[in-house]
Amino acid sequence: MPDITFPDGKIIKFKNNVSGLMIVETIGKSLAKEACVISVNGKLKDLNYEIKENSSVRIITSKDKEGLEILRHDAAHVLAMAVQELFPGTQVTIGPIIEDGFYYDFSRKEPFTKDDLEKIENRMKEIVDRDEITKREVWKKSDAINHFKKIGEHYKVQIIETISNDEEISIYHHGKWQDLCRGPHLLSTGRIGKAFKLTKVSGAYWRGDSKNEMFQRIYGTCWNNEKDLNNYLTRIKEAEKRDHRKLGKEMDLFHFREESPGSVFWHSKGWTLFLKLIDYMRIKQKNAGYQEINTPELLDKSIWEKSGHWEKFGELMFTSTTPDEKIFAIKPMNCPGCVQIFNRGLKSYRDLPLKMSEFGKVHRYEPSGALHGLLRVRAFTQDDAHIFCTEEQITQECLSVTNLILEIYKDLGFTNIILKYSDRPEVRVGDDKVWDKSEAALLEAIKASKLEYSVNKGEGAFYGPKIEYILRDAIGRDWQCGTLQVDLNLPGRLGATFIDKDGSKKIPVMLHRALFGSLERFIGILIEHYAGKLPLWLSPVQTIVLPISQDFDDYAKKVFEQLRKAGINCEVDLKNHKINYKIREHFLAKIPLLLICGKKELDTNTITIRRLGSEKQETINLDKAIRDISSQNKFPLN
RNA sequence: GCCCACAUAGCUCAGUUGGCAGAGUACUUCCAUGGUAAGGAAGAGGUCGCAAGUUCGAUUCUUGCUGUGGGCACCA
């Protein structure tokens, strides 16, 4: 005779054991329709789960986040069911929910084709129409193993074998089909609805290990209703429109080619943007007390053996053999080179903290399948710096790095930043006392920043804890950019020392830090964040002068020359096209400002300005226009 | 690296069961000389990613390679 307590505190007394379904039916018909599962004392249960004791419950509908997740999980089951109906002999493995959808991994020799995907989706809809009833059973582990062995589901057997003995083994039936699953699930397949779509098929390793067999993974997305589904599909399309590879081509910024996969051919406009970012950062870093250095691209193998990189990453390094058989590695990191400069000459504690920055171009032989436009390349420029300091200085230095990073992100239009903190891994070097100190120092710096942060236990580098700075872009995607690592290892390995107050030789702590990480990657992110519409100061072509007709070419050229003298990146378009055509062409190329001149402007020494995204026209005095544009053409230094 | 798909004009793409390669756009020239998101006409433009194979004949079929895309794995 359970008393059922609702979230609003209301209590209903039932005479007998009661199920979620019975509860919602007492409340109302529409709720009974919408309900997915029920939360009983904080645990999600099937709607037909029998409640025997006094409990507090919450009805989960598909409008709740958990409800939508249940929907997606059911869709994954129905996907597997459809696949096994259509392709007997296919083994099922796992089928979890993911952001915006679900997937299911299958073991089958023949690949699924695009047509198969369509067939499967149609069959899924049939299964929804069939409205197969869900039934949950608890089996003995040995029974479950025997059963799945008998029906040839060998991966399920492996999964069951890893379930601990005190855990229940529940089997869900949807009609005749069954799957090992923790649940909970909807009452029947009809409750999923049809707002789902299979999106892609790809390969995925069993248990996520590349040594294992590769399965075929089918991805799908599933929503409450058609409208949400369509919103999602539109969102994907919008993201595609921002793709930096597409915009990079359209805006004539860069290209890639077969002869050097993963390396960027920067066109003039792209390189202008690249250099602008560096110019800007040079100023920021100089103000923050950094000195800029530059170290060789090629360093003898021996230095990489000393640093430990050869052993760990040797296979992923580009190397070069000289005619006299010496092996040089093209640097995959800047730090060993930087330490050489630190080591030059005796350093005193008075020199610390010593901050050395380097726009170092590094090469890494990334696996071919990892390459992705500017976001994952084999040759990239790090906005790197190494800070040599004492243990006591760690907190202060981490704080100032964090502040610098936040300032720079803000200047570039990113205000939504989260931090990821990773502490000591199991396999590590260095004394635990030093780890205590550096972890505490890093944490203190994070807390002082007042930013949201998550902790990744044991994910730090083997030589020290780290922070990763993650920014959220205009359409809500997260990108990991900056990083700050405390290094208790490399300075010692590479012989860095300083003379402390008491005259003794000590090994400094080294902080590795990158603001954007990779300039190439960051430019990719910037392009997508702004959908190509870069702020004026970053635009490679800030303005184009457009004469109305050829009679005004000379005036247009004069305006162009004056703009150029004022340090503005500009062009003049003397092509024999109508003004409508030119405006369309250059706005499509994301030029932020267009300056138009015709008879009116020539007579009055003015210019008419149009801004990207606006239909307004503004005719102003030429000198004033140049002054205005110049004043906008400045680094956003606070 | 692994699985699947794709590779045709500068760009975006079509090419129907193997028979001399197509459109739009950009480009060049000409006409029009224009007032705020595509004026008009003509011309030029391709070893159909590379290499083998099958065939009288391959952009089309087969195999290998390279690159790209979507994932997986990796990411100092």
Side-chain angles (χ1 to χ4, degrees), chain A residues 98 103 105 108 110-114 116-117 199-219 240 243 245-246 249-250 252 255-262 304 307-317 331-336 362 364-373 375-378 380 382 384 461-463 466 480 483 485 487 489-490 512 514 517-518 521 546-553 575-589 594-601 608-610 612-619:
Chain A
I98 48 174
Y103 67 76
D105 284 350
R108 172 176 183 250
E110 299 74 29
F112 291 117
T113 64
K114 253 187 189 168
D116 290 341
L117 230 55
T199 50
K200 55 200 169 197
V201 55
S202 79
Y205 298 108
W206 171 227
R207 296 196 193 282
D209 188 334
S210 60
K211 289 186 206 90
N212 290 343
E213 189 198 335
M214 182 161 264
F215 297 147
Q216 296 185 66
R217 173 172 298 179
I218 297 179
Y219 284 92
E240 278 168 14
D243 193 308
R245 292 165 298 186
K246 182 171 150 359
K249 209 183 268 178
E250 285 170 13
D252 189 22
H255 82 274
F256 290 92
R257 47 191 307 111
E258 263 189 43
E259 293 86 345
S260 188
W304 303 107
S307 72
H309 289 104
W310 191 264
E311 198 195 347
K312 213 165 168 179
F313 295 107
E315 303 233 309
L316 298 173
M317 281 158 82
K331 65 175 174 183
M333 292 196 80
N334 302 304
C335 27
V362 297
R364 298 176 181 179
Y365 190 67
E366 302 287 359
S368 59
L371 301 180
H372 182 98
L375 302 183
R376 191 80 185 269
V377 287
R378 284 184 176 154
F380 60 97
Q382 288 182 321
D384 212 353
F462 68 94
Y463 48 73
K466 66 177 176 187
Q480 190 209 305
T483 164
Q485 301 170 9
D487 187 348
N489 175 48
L490 212 55
H512 304 243
S518 140
R521 185 177 137 86
L546 312 176
I548 294 284
S549 82
Q550 284 169 337
D551 290 342
F552 313 105
D553 281 5
K575 270 182 285 189
N576 196 2
H577 279 131
K578 280 183 144 176
I579 195 68
N580 301 26
Y581 182 93
K582 289 184 185 180
I583 285 172
R584 179 180 152 81
E585 180 189 9
H586 299 307
F587 275 163
L588 285 178
L594 296 181
L595 301 186
I596 294 116
C597 55
K599 184 162 189 322
K600 186 174 76 187
E601 289 79 4
T608 298
I609 301 184
R610 251 192 85 160
L612 178 57
S614 162
E615 293 188 356
K616 256 196 263 167
Q617 302 175 38
E618 196 188 356
T619 303

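These numbers were taken from a predicted model, which means no experiment stands behind them. By convention in this document, chain letters (A, B, ...) are assigned in the order of the sequence lines, proteins followed by strands, and residues within each chain are numbered from 1.
In this entry the distance linking CG of A/Leu371 with C1' of B/C2 reads 14 Å, nearest Å. Rounded to whole Å, atom P of B/A5 lies 13 Å from atom CD of A/Glu110. Residue A/Asp209 contributes atom CG, which lies 8 Å from atom P of B/C74 at whole-angstrom precision. Taking atom CD on A/Glu259 and atom P on B/C50, their separation rounds to 13 Å, with Å as the unit. As a whole-Å value, the separation of A/Asn580 CG from B/U36 C1' is 6 Å. Going from atom CZ of A/Phe215 over to atom P of B/G70 covers 24 Å, rounded to whole Å. What separates CG of A/Leu588 from C1' of B/U12 is a distance of 14 Å, to the nearest Å. In this structure, the CZ atom of A/Arg584 is 18 Å from the C1' atom of B/G35, given to the nearest Å.
If you check every strand for non-hydrogen atoms under 4.0 Å, A/Phe256 touches nothing. If you check every strand for non-hydrogen atoms under 4.0 Å, A/Lys211 touches nothing. Residue A/Gln480 is out of contact with every strand shown, counting any heavy-atom pair closer than 4.0 Å. If you check every strand for non-hydrogen atoms under 4.0 Å, A/Pro261 touches sugar and phosphate atoms only. Across all strands, A/Leu546 comes closer than 4.0 Å to no nucleic acid atom at all (heavy-atom distances). As judged by a 4.0 angstrom heavy-atom cut-off over every strand, A/Gly308 is placed among residues making no nucleic acid contact. Here A/Lys114 lies out of heavy-atom contact (under 4.0 Å) with every strand. Nucleic acid contact for A/Thr608: base, since at least one base atom lies under 4.0 Å from a heavy atom of the residue. Residue-level contact check: A/Arg257 touches neither bases nor backbone, having no heavy atom under 4.0 Å from any strand. Residue contacts for A/Pro111: at a heavy-atom cut-off of 4.0 Å it reaches the sugar-phosphate backbone alone, with no base atom in range. At the heavy-atom level, A/Lys578 lies under 4.0 Å from base atoms of the strands shown. In this structure, A/Gly373 reaches the sugar-phosphate backbone alone: every heavy-atom distance under 4.0 Å involves primed, P, OP1 or OP2 atoms, never a base. Nucleic acid contact for A/Ser210: sugar-phosphate only, since backbone atoms but no base atoms lie under 4.0 Å from a heavy atom of the residue.
The base-pairing partner of B/A42, taking Watson-Crick or G-U wobble contacts with both distances under 3.5 Å, is B/U28. Figure legend. B/G35 is base-paired to no nucleotide; pairs are counted as Watson-Crick or G-U wobble with both atom distances under 3.5 Å. Of the nucleotides present, none pairs with B/C74 by Watson-Crick or G-U wobble criteria with both distances under 3.5 Å. When Watson-Crick and G-U wobble pairs are counted only if both distances are under 3.5 Å, B/A5 pairs with B/U68.
Distance from the side chain of A/Met214 is smallest for B/C3 among the nucleotides B/C3, B/A76, B/A73. Among the nucleotides B/C75, B/C72, B/U33, the one closest to the side chain of A/Tyr219 is B/C72. Nearest to the side-chain atoms of A/Ala370 among the listed nucleotides B/A37, B/A76, B/C74 stands B/C74. Nearest to the side chain of A/Ile596, among B/U36, B/C72, B/A76, sits B/U36.
Distances shown here put a side-chain N or O of A/Lys200 below 4.0 Å from the OP1 or OP2 atom of B/G71. Listed pair A/Lys249 / B/U12 meets the phosphate criterion, a side-chain N or O lying under 4.0 Å from OP1 or OP2. Between B/A37 and A/Arg610, a contact under 4.0 Å exists linking OP1 or OP2 to a side-chain N or O. Phosphate contact (OP1/OP2 of B/G70, side-chain N/O of A/His372, threshold under 4.0 Å): present. Phosphate contact (OP1/OP2 of B/C3, side-chain N/O of A/Ser202, threshold under 4.0 Å): absent. Contact check, A/Lys575 against B/C27: a side-chain N or O comes under 4.0 Å of OP1 or OP2. For A/Arg245 and B/G70, the shortest distance from a side-chain N or O to OP1 or OP2 is below 4.0 Å.
A gap of 29 Å separates the C1' atoms of B/U60 and B/C2, to the nearest Å. Rounded to the nearest Å, the gap between the C1' atom of B/U62 and that of B/U54 is 7 Å. B/A21 and B/C13 have their P atoms separated by 23 Å, with the value rounded to a whole Å. Across B/C48 and B/A5, the matching P atoms stand 24 Å from one another, rounded to whole Å. For the C1' atom pair drawn from B/C56 and B/A73, the interatomic distance equals 49 Å after rounding to whole Å. Nucleotides B/U29 and B/U12 have their P atoms positioned 25 Å apart, rounded to a whole Å. Comparing the C1' positions of B/U36 and B/G10 gives a spacing of 28 Å, expressed to the nearest Å. Nucleotides B/G69 and B/G15 place their C1' atoms 22 Å apart, quoted to the nearest Å.
Side chains of A/Thr608 and A/Glu601: a donor on one and an acceptor on the other come within 3.5 Å. In this structure, a donor-acceptor pair under 3.5 Å is present between the side chains of A/Gln485 and A/Tyr463.
Among the candidates A/Ile609, A/Thr619, A/Ile583, the single residue satisfying the side-chain contact (heavy atoms from CB on, under 4.5 Å) test with A/Ile596 is A/Ile583.
A distance-only check finds a donor-acceptor pair linking the side chain of A/Gln216 to the backbone of A/Phe112 [under 3.5 Å]. The backbone N or O of A/Arg378 sits nowhere less than 3.5 Å from a side-chain atom of A/Arg364 that would complete a donor-acceptor pair. Listed for the A/Arg257 side chain is no donor-acceptor partner under 3.5 Å among the backbone atoms of A/Pro261.
Of all the heavy atoms in A/Ser202 and A/Tyr219, the pair that sits closest is OG-CE1, 3.6 Å.
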Could you walk me through whether A/Phe256 and A/Val377 pass the side-chain contact (heavy atoms from CB on, under 4.5 Å) test, one step at a time?
-> CA-CA 10 Å; A/Phe256 290 92; A/Val377 287; 4.0 Å; yes

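A distance cut-off of 5.5 Å between ring centres, combined with a plane angle under 30°, leaves A/Tyr581 outside any stacking arrangement with the base of B/A38.
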